[in-house]
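Supplied in structure tokens, the structure appears directly below.
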Amino acid sequence: MKIIGTFLTLLLIAGTRANLVPGDDAFLRMDYPTAIEAYEKELALDANDPEVLWRLARVYVCAGEVKSYDEAESDFRKAASYARACLRNDSTCSAGHTWLAAALGYLALEAPLHEKLRLTAEMSEEIDKAIAFDPHNDAAYSMRGSFYRALGNAGWLERKLAVLLFGSVFDGGYEEAEAALKKAIELAPGVMRHPYELGILYLDWGRKDEARAMLERAAQLPLRVAIDVPRREKIRMLLSQLAAEER
């Protein structure tokens with residue numbers, strides 16, 4: 001098993017610039033403090049390197065995902081700052097747009113409603129840019145799916161405020177969420193998040209058989225980022241609940 005894991009790591013970092021390999025290897029092992037240290041050493045050599053900057057945005061998002069919001073907020077703000085720095089140096093960097101969108105999404109969760117809507121609008125724009133610059137960006141499609149699911153669940157007040165602030169509500173809902181998440185799965189079938197999010201969508205939609213199938217699929221996939229650990233536990237809980245409802 002260790003040999004297989006080492007081989008997978010080598011495959012994932014193949015072609016990466018040699019100076020980025022230590023950070024990438026630590027990231028794949030979910031050793032985020034070591035990854036941050038490695039990337040920051042590279043940033044000290046070139047503060048404008050987009051490849052280092054988006055990686056720092058990514059690792060801070062992934063580190064923050066498994067903390068309470070009070071502890072994680074600074075991580076998400078650092079992620080947004082690094083992503084913006086990346087995009088100042090390379091506005092076409094799909095990964096920079098992706099991880100800026102992720103950081104904004106997490107910051108929006110605990111923001112007051114007015115700020116939540118502003119951050120959500122910016123997040124949506126960043127997701128669109130990420131996909132425009134890389135049509136094979138599975139993470140961006142997955143985020144788009146989650147965004148559309150949230151739109152499908154949005155309440156009356158949120159929609160009214162969106163009209164007041166932006167002139168209209170965001171377009172999209174469950175159907176658009178399903179299409180985006182299916183695209184993410186097509187692009188990266190081995191990533192747990194994608195079928196998990198599709199399973200959650202189907203639960204919200206009342207399509208329990210399809211939800212079960214997606215959650216069972218997600219449960220079989222490997223842990224790639226730290227949030228996958230509690231995500232797998234949530235999957236087991238949801239599958240248990242679905243089984244209990246059938247009895």
Ser68 side chain to Glu71 side chain, donor-acceptor N/O pair below 3.5 angstrom: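 Ser68 vs Glu71: donor-acceptor pair found between side chains.
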Arg84 and Glu122 ion-paired at < 4.0 Å: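 Here Arg84 pairs with Glu122 in a salt bridge, since their nearest N and O are under 4.0 Å apart.
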Pair Arg193-Ser146, side-chain donor/acceptor within less than 3.5 Å: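 Note: Arg193 and Ser146 side chains meet the donor-acceptor criterion.
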Between Tyr39 and Asp24: side-chain donor-acceptor atoms closer than 3.5 Å: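 Side chains of Tyr39 and Asp24: pair found under 3.5 Å.
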Arg17 bridged to Asp49 by N-O distance under 4.0 Å: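 Yes, charged N to carboxylate O under 4.0 Å.
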Within residues 213-237 or reaching into it, pairs that qualify as ring pair (Phe, Tyr, Trp, His ring centres under 6.0 Å) - sequence neighbours excluded: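 Sorted pair list comes back empty.
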Flag for Thr92-Asp90: side-chain donor and acceptor within less than 3.5 Å: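 The criterion, which ignores hydrogens and geometry beyond distance, is satisfied for Thr92 and Asp90.
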Short N-O contact, Glu186 and Lys182, less than 4.0 angstrom: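 No, this pair does not count.
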Polar side-chain atom of Glu176 near backbone of Gly173 as donor-acceptor pair, under 3.5 Å: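 Checked: pair present.
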Partners passing side-chain contact (heavy atoms from CB on, under 4.5 Å) against Ala63 (at least two apart in sequence or in another chain):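 Applying side-chain contact (heavy atoms from CB on, under 4.5 Å) to Ala63 gives Tyr32, Asp75.
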Side-chain donor or acceptor of Arg149 paired with backbone N/O of Glu178 under 3.5 Å: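 No: the side chain of Arg149 does not pair with the backbone of Glu178.
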Ring pair (Phe, Tyr, Trp, His ring centres under 6.0 Å) contacts touching residues 186-214 (sequence neighbours left out):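 Found Tyr174-Trp205.
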Salt bridge present between Asp25 and Arg29 (N-O < 4.0 angstrom):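 Yes.
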